[in-house]
Amino acid sequence: MIYDAYISFSREALLRVIAEQMSEKRFRHVVGVEKAALELADRYDCDPIKASLAALLHDYAKEQPDSVFLDLIDRYQLDPALKTWGNNVWHGLVGRYLITEQFGLTDEEILTAIARHTVGASDMTLLDKVIYVADYIEPGRDFPGVETARQLATEDLDKAVAFETAQTIAHLAKKGIPIHPQTLETYNAYVHFLKENK
Ligand code: GDP
Ligand code: FE
Ligand code: FE
């Protein structure tokens, strides 16, 4: 994989920097997301280099302390309402700015896919969907519903997005965890796909 068009890191150097930022378990997850993303990219005709980079970097910011995200929200003058959320929401939506600072990555398509990987969006690009779904179905994932999600991902990417979002919302609601408005927007925009026979 040659990343020259987007960053000045070899694959080897990139993997080394990413591994240094996270636990071994999370690094294995990241590599699993890349594998799943490349399979989806092949199936749905998405750029494999962009899929690889977005997958490898999607959780780059996940183990950063809250202070890093609060500082980024200030420096980039992001919506102050973001401050009421936490790491789960920040590591994508705010993490994208850290990735630009650390890797010099400015490709909007890759950064948007990283930003949206947790909460989605009402108008996701093919790359956004590939990363959003790959994160959920990578080979290391094991939870109720993951086999259904894997099956849907081979049949219809929009259905996989809808299923994943519905499952995530149900899981958060059951635990009494606040649901980010962008997650609800994703649900509302995609839920109809579950009923459709294409
Ligand atoms: P991971 O980083 O690979 O673990 O996966 P994600 O980035 O998709 O999700 C991170 C965490 O955020 C998971 O525990 C999700 O259940 C949770 N999450 C997803 N959507 C929302 C949301 O709208 N609100 C909150 N509070 N958490 C969410
Ligand atoms: Fe994540
Ligand atoms: Fe992830």
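Whatever order the structure lists ligands and atoms in, that order sets their numbers, starting from 1.
Residue contacts with ligand 1 include H91, since one or more of its heavy atoms lies under 4.0 Å from the ligand. The shortest heavy-atom distance from G92 to ligand 1 is not under 4.0 Å.
Residues Q182 and T186 come closest through the heavy atom pair O-OG1, 2.8 Å. Nearest heavy atom pair, residue S122 against residue E185, reads CB-O, 4.1 Å.
With a 6.0 Å radius and a threshold of 12 heavy atoms from other residues, nucleotides or ligands, E12 has its CD atom at or below the threshold. More than 12 heavy-atom neighbours from other residues, nucleotides or ligands sit within 6.0 angstrom of CZ on F103.
Nearest to atom 16 (O) of ligand 1 by heavy-atom distance, out of I131, V119, D135, L172, is L172. Evaluated by nearest non-hydrogen atom to atom 19 (C) of ligand 1, the leading choice among T118, I177, T183 is T118.
For atom 1 (P) of ligand 1, the closest heavy atom belonging to the protein is K62 NZ, 3.3 Å.
Results of the side chain to side chain contact (heavy atoms under 4.5 Å, CB included) test with V94 over V68, L70, L72 single out L72 as the only residue that passes.
For E108 and R96, the salt-bridge test passes: some basic side-chain N is under 4.0 Å from an acidic carboxylate O.
Atom OD1 is the N, O or S atom of D59 at the shortest distance from the Fe ion (ligand 2). When the N, O or S atoms of D135 are ranked by distance to the Fe ion (ligand 3), OD1 comes first. The Fe ion (ligand 3) sits nearest to atom NE2 when only the N, O or S atoms of H29 are considered.
H117 contributes NE2 and H91 contributes NE2; the angle these two atoms make at the Fe ion (ligand 2) is 90°, rounded to 10°.
No part of K175 comes within 4.0 Å of ligand 1, judged by heavy-atom distances. Contacts between T168 and ligand 1 below 4.0 angstrom, taking non-hydrogen atoms only, involve the side chain exclusively.
Here the two rings, on F193 and Y190, have centers that are under 6.0 Å apart.
Taking 4.5 Å as the limit, every side-chain heavy atom of L78 sits out of range of all side-chain heavy atoms of K83.
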